[in-house]
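Index from 1, following the sequence.
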Amino acid sequence: MTQYPNQPYGSAPAGGPAGGLDVEKVKQNALIAMIVGFLCGGMIPGILGLLGYLKADTETETAKKFTKWAWITFGIMWALMILTWVAVILLNIFVFAAVGTTTTTY
């Protein structure tokens with residue numbers, strides 16, 4: 001290891017793995033995103049949360065990005081699901097309203 005001026009002996013090189021509380025917080029957030037993603041959001045948020053959890057020890061910034069995108073895709077999935085249900089309900093209302101107003105003559 002090369003000693004650079006104005007750098008204390010034994011310090012971590014720039015860009016190395018971050019330690020301590022930040023890594024644990026990132027791992028915790030990624031774990032929550034993974035569990036909630038798999039249980040309530042689908043495969044994509046769950047996999048992104050899993051990738052965030054696995055990268056937390058070595059690449060903290062990448063793990064934060066994976067976790068952020070897990071939550072974003074989770075929100076998009078829920079929004080699409082809600083819009084789909086609203087569309088189905090409205091379609092049923094319009095179809096039954098149209099069928100109910102027609103008269104049949106024999």
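Residues Ile32 and Ile76 fall into different hydrophobic clusters, defined by Ile, Leu, Val, Met, Phe, Trp and Tyr side chains chained together at heavy-atom separations under 4.5 Å. Ile44 and Met34 fall within a single hydrophobic cluster, where Ile, Leu, Val, Met, Phe, Trp and Tyr are joined by side-chain heavy atoms under 4.5 Å apart, directly or via other members. Each of Leu39 and Ile82 belongs to its own hydrophobic cluster when Ile, Leu, Val, Met, Phe, Trp and Tyr are linked at side-chain heavy-atom distances under 4.5 angstrom.
Nearest heavy atom pair, residue Gly49 against residue Ala70, reads N-CB, 3.6 Å. Nearest approach of Ala63 to Val26, heavy atoms of both residues: CB-CG1, 3.7 Å. Of all heavy-atom pairs spanning Tyr53 and Ala30, the tightest one is N-CB, 3.4 Å. Minimum interatomic distance between Gly41 and Met77 (heavy atoms only, all atoms of both residues): O-CG, 3.5 Å. Nearest heavy atoms, Phe38 versus Ile47: CZ-N, 3.8 Å.
Separating the OG1 atom in Thr67 from the CG atom in Leu48 is a distance of 9.0 Å, to the nearest 0.5 Å. To the nearest 0.5 angstrom, Glu61 atom CD is 13.0 Å from Phe66 atom CZ. Atom-to-atom distance recorded for Asn29:CG and Trp71:CH2 is 8.5 Å, nearest 0.5 angstrom. Going from atom CE of Met81 over to atom CH2 of Trp78 covers 3.5 Å, rounded to the nearest 0.5 Å.
Grouping Ile, Leu, Val, Met, Phe, Trp and Tyr residues whose side-chain heavy atoms lie under 4.5 Å apart, directly or via other members, leaves Leu83 alone, with no other cluster members.
Every residue meeting the salt bridge (Lys or Arg N to Asp or Glu O under 4.0 Å) condition with Lys55, not counting sequence neighbours, appears here in chain and number order: Glu59. The side-chain contact (heavy atoms from CB on, under 4.5 Å) check on Leu54 picks up Leu50, with sequence neighbours excluded. With sequence neighbours left out, Trp69 forms a ring pair (Phe, Tyr, Trp, His ring centres under 6.0 Å) with no residue at all.
Taking 4.0 Å as the cut-off between side-chain N and carboxylate O, Glu24 and Lys27 do not count as a salt-bridged pair.
Counting only residues at least two apart or on different chains, no salt bridge (Lys or Arg N to Asp or Glu O under 4.0 Å) pair has a member in residues 71-98.
In Met43, the CE atom is not crowded: 12 or fewer heavy atoms of neighbouring residues, nucleotides or ligands sit closer than 6.0 Å.
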Name every donor-acceptor pair, under 3.5 Å, that has one atom in a side chain of residues 84-99 and the other anywhere in the protein, sequence neighbours excluded.
residue : atom : partner : partner atom : Å
Thr84   : OG1  : Leu80   : O            : 2.7
Asn92   : ND2  : Val88   : O            : 3.3

